[in-house]
Q: 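Take this structure first; my questions come after.
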Amino acid sequence: MAAASAERIGVYPGTFDPITLGHTDIIRRGAKLVDRLIIGVTTNPSKNPMFTPAERMAMVEREVASLGIDNVTVVGFNALLMKFAEHQGATVIVRGLRAVADFEYEYQMAGMNQQLNPRIETVFLMAAVELQPIASKLVKEIALFGGDISRFVSPAVRDDVLARVTSQGQLGEY
């Protein structure tokens with residue numbers, strides 16, 4: 001008789017600035033593939049963040065709690081993804097795909113990550129069709145120019161983004 005298998009741990013990394021309905025779709029579906037899914041909230045200054053790492057952590061924790069999924073935890077990190085995944089005991093990296101452009105980038109990253117640690121597999125999940133166009137960068141841009149983002153994020157995240165836009169100042173005029 002074979003020994004009981006070890007817990008399968010997955011990591012879903014991202015900046016989540018802000019967390020969108022596309023992200024929560026991938027979290028919900030990714031959590032079904034592993035025993036424990038760790039949402040890794042990372043820093044990426046080149047993405048011009050609207051929220052601090054602590055604010056993004058709190059936002060993601062709140063959104064994950066609202067999903068009611070027991071096997072998901074949120075952890076912040078500022079390190080090479082594969083080192084973070086190894087430290088968490090992960091065997092799977094979960095990545096969401098929206099379009100061909102995402103695939104090309106993610107394919108290259110998966111190949112590099114496999115070179116760094118061949119024991120960790122990358123799993124790609126296609127975003128639900130109605131969520132495929134959503135990108136955090138575009139959500140921020142729409143909000144900064146006074147557009148309605150309610151179809152792209154939860155009501156709580158919408159309120160967070162609008163409060164930040166109000167404090168920073170809206171862009172553009174007619």
Side-chain angles (χ1 to χ4, degrees), residues 9-34 36-81 84-85 88 90 92-99 101-103 105-106 109-110 122-168 170-171:
I9 299 170
V11 169
Y12 176 34
T15 53
F16 305 100
D17 185 53
I19 186 169
T20 69
L21 296 178
H23 291 128
T24 56
D25 176 55
I26 298 299
I27 291 168
R28 188 179 300 108
R29 293 170 44 221
K32 295 176 186 176
L33 302 177
V34 294
R36 187 162 55 103
L37 181 63
I38 298 165
I39 309 306
V41 180
T42 188
T43 56
N44 188 343
S46 69
K47 288 193 172 186
N48 194 20
M50 178 177 272
F51 297 97
T52 68
E55 290 169 330
R56 289 184 283 115
M57 283 283 300
M59 195 182 302
V60 173
E61 287 170 347
R62 181 190 64 220
E63 296 301 305
V64 166
S66 75
L67 296 174
I69 304 171
D70 295 335
N71 67 331
V72 177
T73 56
V74 180
V75 177
F77 77 102
N78 185 18
L80 186 64
L81 172 58
F84 174 72
Q88 298 298 319
V92 175
I93 303 294
V94 175
R95 298 296 294 160
L97 295 177
R98 294 172 302 201
D102 282 351
F103 178 77
Y105 172 78
E106 294 294 344
M109 290 299 298
T122 300
V123 174
F124 299 111
L125 295 176
M126 291 299 301
V129 173
E130 67 276 11
L131 303 174
Q132 286 181 1
I134 301 174
S136 293
K137 178 182 177 181
L138 297 176
V139 168
K140 290 185 289 190
E141 188 174 318
I142 291 166
L144 284 167
F145 282 96
D148 180 12
I149 61 170
S150 61
R151 288 176 287 181
F152 313 123
V153 296
S154 73
V157 171
R158 181 197 64 224
D159 293 347
D160 291 340
V161 172
L162 294 180
R164 184 56 45 94
V165 169
T166 299
S167 72
Q168 291 181 344
Q170 190 171 309
L171 301 177

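Just so it is clear, the structure is predicted and the values come from calculations on it, not from any experiment.
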Q: Between the side chain of Arg95 and the main-chain N/O of Pro13, is any donor-acceptor distance below 3.5 Å?
A: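 It does hold such a pair.
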Q: Using the ring of each side chain (for Trp, its six-membered ring), is Phe77 parallel, tilted or perpendicular to Phe84, with breaks at 30° and 60°?
A: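 Correct class here is parallel.
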Q: Can you find a heavy atom in the side chain of Val41 that is under 4.5 Å from one in the side chain of Ile19?
A: no
Q: Nearest 0.5 Å, please: how far is CG in Leu131 from CZ in Arg151?
A: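 Result: 12.5 Å between the selected atoms.
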Q: For Glu63 and Ser154, which heavy atoms make the closest approach, and how far apart are they?
A: OE1-OG, 2.9 Å
Q: Can you give me the closest heavy-atom contact between Ile149 and Ala143, atom names plus distance?
A: CG2-N, 3.9 Å
Q: Please find the pair of heavy atoms, one from Leu37 and one from Ile27, that lie closest to each other, and give the distance.
A: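 Reported closest heavy-atom pair: CD2-O, 3.7 Å.
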Q: Determine, stepwise, if the pair Leu81 / Val11 fulfils side chain to side chain contact (heavy atoms under 4.5 Å, CB included).
A: CA-CA 9 Å; Leu81 172 58; Val11 169; 4.2 Å; yes
Q: Determine yes or no for a side-chain-to-main-chain donor-acceptor pair under 3.5 angstrom, with Arg56 supplying the side chain and Phe51 the backbone.
A: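 At least one qualifying donor-acceptor pair exists.
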Q: Answer yes or no: is there a side-chain heavy-atom contact under 4.5 Å between Ile134 and His23?
A: no
Q: Looking only at non-hydrogen atoms, find the nearest pair between Met59 and Pro18 and report the distance.
A: SD-CB, 3.8 Å
Q: Flag yes if more than 12 heavy atoms outside Glu141 fall under 6.0 Å of its CD atom; otherwise flag no.
A: no
Q: Which atom names give the shortest non-hydrogen contact between Asp17 and Pro49, and what distance separates them?
A: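 Reported closest heavy-atom pair: OD2-CA, 2.9 Å.
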Q: Heavy atoms, side chains only, cut-off 4.5 Å: are Asp160 and Val153 in contact?
A: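 Heavy-atom side-chain distance check fails, nothing below 4.5 Å.
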Q: Pick from Thr24, Val72, Ile69: which one makes a side chain to side chain contact (heavy atoms under 4.5 Å, CB included) with Val64?
A: Val72
Q: To the nearest 0.5 Å, how far apart are CG in Leu67 and CG in Asp25?
A: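 Nearest 0.5 Å value for the CG-CG distance: 10.0 Å.
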Q: Using only atom types and a distance under 3.5 Å, with no angle test, would you say the side chain of Arg29 pairs donor to acceptor with the backbone of Met126?
A: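 Yes: the side chain of Arg29 pairs with the backbone of Met126.
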Q: Rounded at 0.5 Å granularity, tell me how far OG1 in Thr73 sits from CD1 in Ile39.
A: 7.5 Å
Q: Can you name the nearest heavy-atom pair linking Met50 to Lys140, along with the distance?
A: CB-CD, 3.6 Å
Q: Given Leu138 and Phe152, is the side chain to side chain contact (heavy atoms under 4.5 Å, CB included) satisfied, shown in steps?
A: CA-CA 10 Å; Leu138 297 176; Phe152 313 123; over 6 Å; no
Q: Give, for atom CG of Asn48 and atom NZ of Lys137, the distance between the pair rounded to the nearest 0.5 Å.
A: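 One finds 9.5 Å between CG of Asn48 and NZ of Lys137.
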